[in-house]
Amino acid sequence: MNIQHIPQIKHTESGNFFLLAGPCAIEGEEMAMRIAEKLVGITDKLQIPYVFKGSFKKANRSRIDSFSGIGDEKALKILEKVSKTFGVPTVTDIHTNEDAVMAAEYVDVLQIPAFLVRQTDLVVAAANTGKVVNLKKGQFMSPESMKHAVQKVLDCNNQNVMVTDRGTMFGYQDMIVDYRGIPTMQQYATTVLDVTHSLQQPNQTAGVTGGRPDMIETVAKAGIAVGVDGIFIETHFDPANAKSDGANMLHLDYFEALMTKLVAIRQTINQF
């Protein structure tokens, strides 16, 4: 997939990786706009092609009392406002066939969660909207097996598909990134590394997923070094009080410094 097919995406001639970043979940309009404004400023400064990320609904939660959203249409309208205000494309997760049709009215990229990437009907529903489809590799899947998920989208006459590695289960409560999987999946589609979800520590006894945000820079640098096409990072100005995945998000204050380092690494890699 040529990332130029993502509507409104900028800086595609810069030679940089592209970026999907934003909060885990849309908690409200003010927080979404605040995060988007900061990220747009950083990516414009560094010439990074950028897609704003935010889940309009969180369906995959450990506990029934976990935050799941502020209302589907309300959250989707906030994503639409971010796009119109800042002139950037947006991406959100979908969980059902009905979600695909609804979300396609508001966002540019439909993302299939890792737990659901083998659900053929869901992948086909996303592909049939004509939107760009981002397939997150299941924690339980090999990189090689993602070619079949990609093929489902292609068979729907939709060439705009990418895959995202978000780590592989290591035991019961940890994730690892196998960097050999990046060039493998690049044979099938444009490939992204989800840095923050790769650092999750799921299945905690408290029912709240843990994480290792101290390792975000390490994993991101390694991904750029091996030539990944894009980077996915969740960020928040107050991760400790974020309503979803705060334990593995990057604080917004640290975002520009990390992006500056990653751009420098990419510029070096581009010389070889």
Side-chain angles (χ1 to χ4, degrees), residues 1-10 12-13 16-21 49-53 55-56 59-60 76 79 83 88-168 177-195 197-198 223 226-232:
M1 186 195 82
N2 189 328
I3 65 166
Q4 292 182 355
H5 294 164
I6 302 175
Q8 299 191 84
I9 197 161
K10 302 178 179 69
T12 56
E13 303 302 322
N16 276 327
F17 55 90
F18 68 100
L19 175 70
L20 290 78
Y50 173 56
V51 182
F52 178 83
K53 183 270 167 186
S55 296
F56 78 94
N60 298 332
L76 286 168
L79 284 164
S83 181
V88 294
T90 54
V91 55
T92 199
D93 303 276
I94 60 171
H95 303 86
T96 67
N97 298 3
E98 294 75 21
D99 283 353
V101 176
M102 176 174 59
E105 295 294 320
Y106 298 92
V107 303
D108 303 292
V109 182
L110 299 178
Q111 182 165 280
I112 308 297
F115 286 124
L116 300 176
V117 75
R118 288 193 60 175
Q119 296 297 108
T120 299
D121 287 350
L122 179 61
V123 173
V124 168
N128 283 338
T129 67
K131 296 289 183 175
V132 177
V133 179
N134 184 22
L135 302 167
K136 300 196 82 172
K137 185 183 81 66
Q139 303 92 320
F140 47 87
M141 293 174 65
S142 70
E144 290 81 3
S145 65
M146 284 301 294
K147 65 182 176 183
H148 304 298
V150 170
Q151 192 61 49
K152 291 175 185 178
V153 178
L154 299 177
D155 286 346
C156 295
N157 296 316
N158 187 338
Q159 302 296 313
N160 295 321
V161 57
M162 53 184 163
V163 298
T164 295
D165 194 339
R166 49 96 69 241
T168 301
V177 177
D178 181 356
Y179 291 96
R180 298 173 300 176
I182 291 174
T184 296
M185 291 189 291
Q186 284 175 321
Q187 297 176 64
Y188 319 132
T190 298
T191 300
V192 178
L193 175 61
D194 181 342
V195 176
H197 284 108
S198 296
V226 298
V228 76
D229 301 301
I231 290 287
F232 180 113

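Starting from 1, each residue takes its place in the sequence as its number. For clarity, every value in this text was computed on a predicted model and none was experimentally measured.
Inspection of the Gln4 and Glu13 side chains reveals an N or O donor paired with an N or O acceptor under 3.5 Å. Looking only at atom types and distance, the side chain of Asn134 has a donor-acceptor partner in the side chain of Thr164 under 3.5 Å away.
Two residues are said to be in side-chain contact when any heavy atoms from C-beta on lie closer than 4.5 Å; Phe232 and Val192 meet this criterion. For the pair Val226 and Pro183, the minimum side-chain heavy-atom distance is 4.5 Å or more.
Taking all atoms of both residues into account, the shortest heavy-atom contact from Thr92 to Ala103 is CG2-CB, 4.1 Å. Among all heavy-atom pairs drawn from Asn16 and Pro49, the shortest one is CB-CD, 4.2 Å. When every heavy atom of Arg166 is checked against every heavy atom of His197, the shortest pair comes out as NH1-O, 3.4 Å. What you find for Thr168 and Gln139 is that their closest heavy atoms are CG2-O, 3.3 Å.
Asp194 contributes atom CG, which lies 3.5 Å from atom NZ of Lys136 (distance to the nearest 0.5 angstrom).
Formation of a donor-acceptor pair under 3.5 Å by the Tyr50 side chain with backbone atoms of Ala21 is found in this model. Using a distance-only test at 3.5 Å, with no hydrogens or angles considered, no donor-acceptor pair links the side chain of Thr190 to the main chain of Met162. Lys131 contributes a side-chain N or O that, together with a main-chain N or O of Ala104, makes up a donor-acceptor pair within less than 3.5 Å.
Here Lys137 pairs with nothing under the salt bridge (Lys or Arg N to Asp or Glu O under 4.0 Å) rule; sequence neighbours left out. Under the salt bridge (Lys or Arg N to Asp or Glu O under 4.0 Å) criterion, Asp229 pairs with no residue, sequence neighbours left out.
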Next on the checklist: Run the side chain to side chain contact (heavy atoms under 4.5 Å, CB included) test on Met141 and Asp165 for me, step by step, so that the C-alpha distance in whole Å, both residues' side-chain angles and the decisive distance to 0.1 Å come before the verdict.
Outcome noted: CA-CA 10 Å; Met141 293 174 65; Asp165 194 339; over 6 Å; no

Can you give me every donor-acceptor pair (side chain of residues 113-125, partner residue at least two apart or in another chain, under 3.5 Å) with its distance?
| from | atom 1 | to | atom 2 | distance (Å) |
| --- | --- | --- | --- | --- |
| Thr120 | OG1 | Lys152 | NZ | 2.8 |

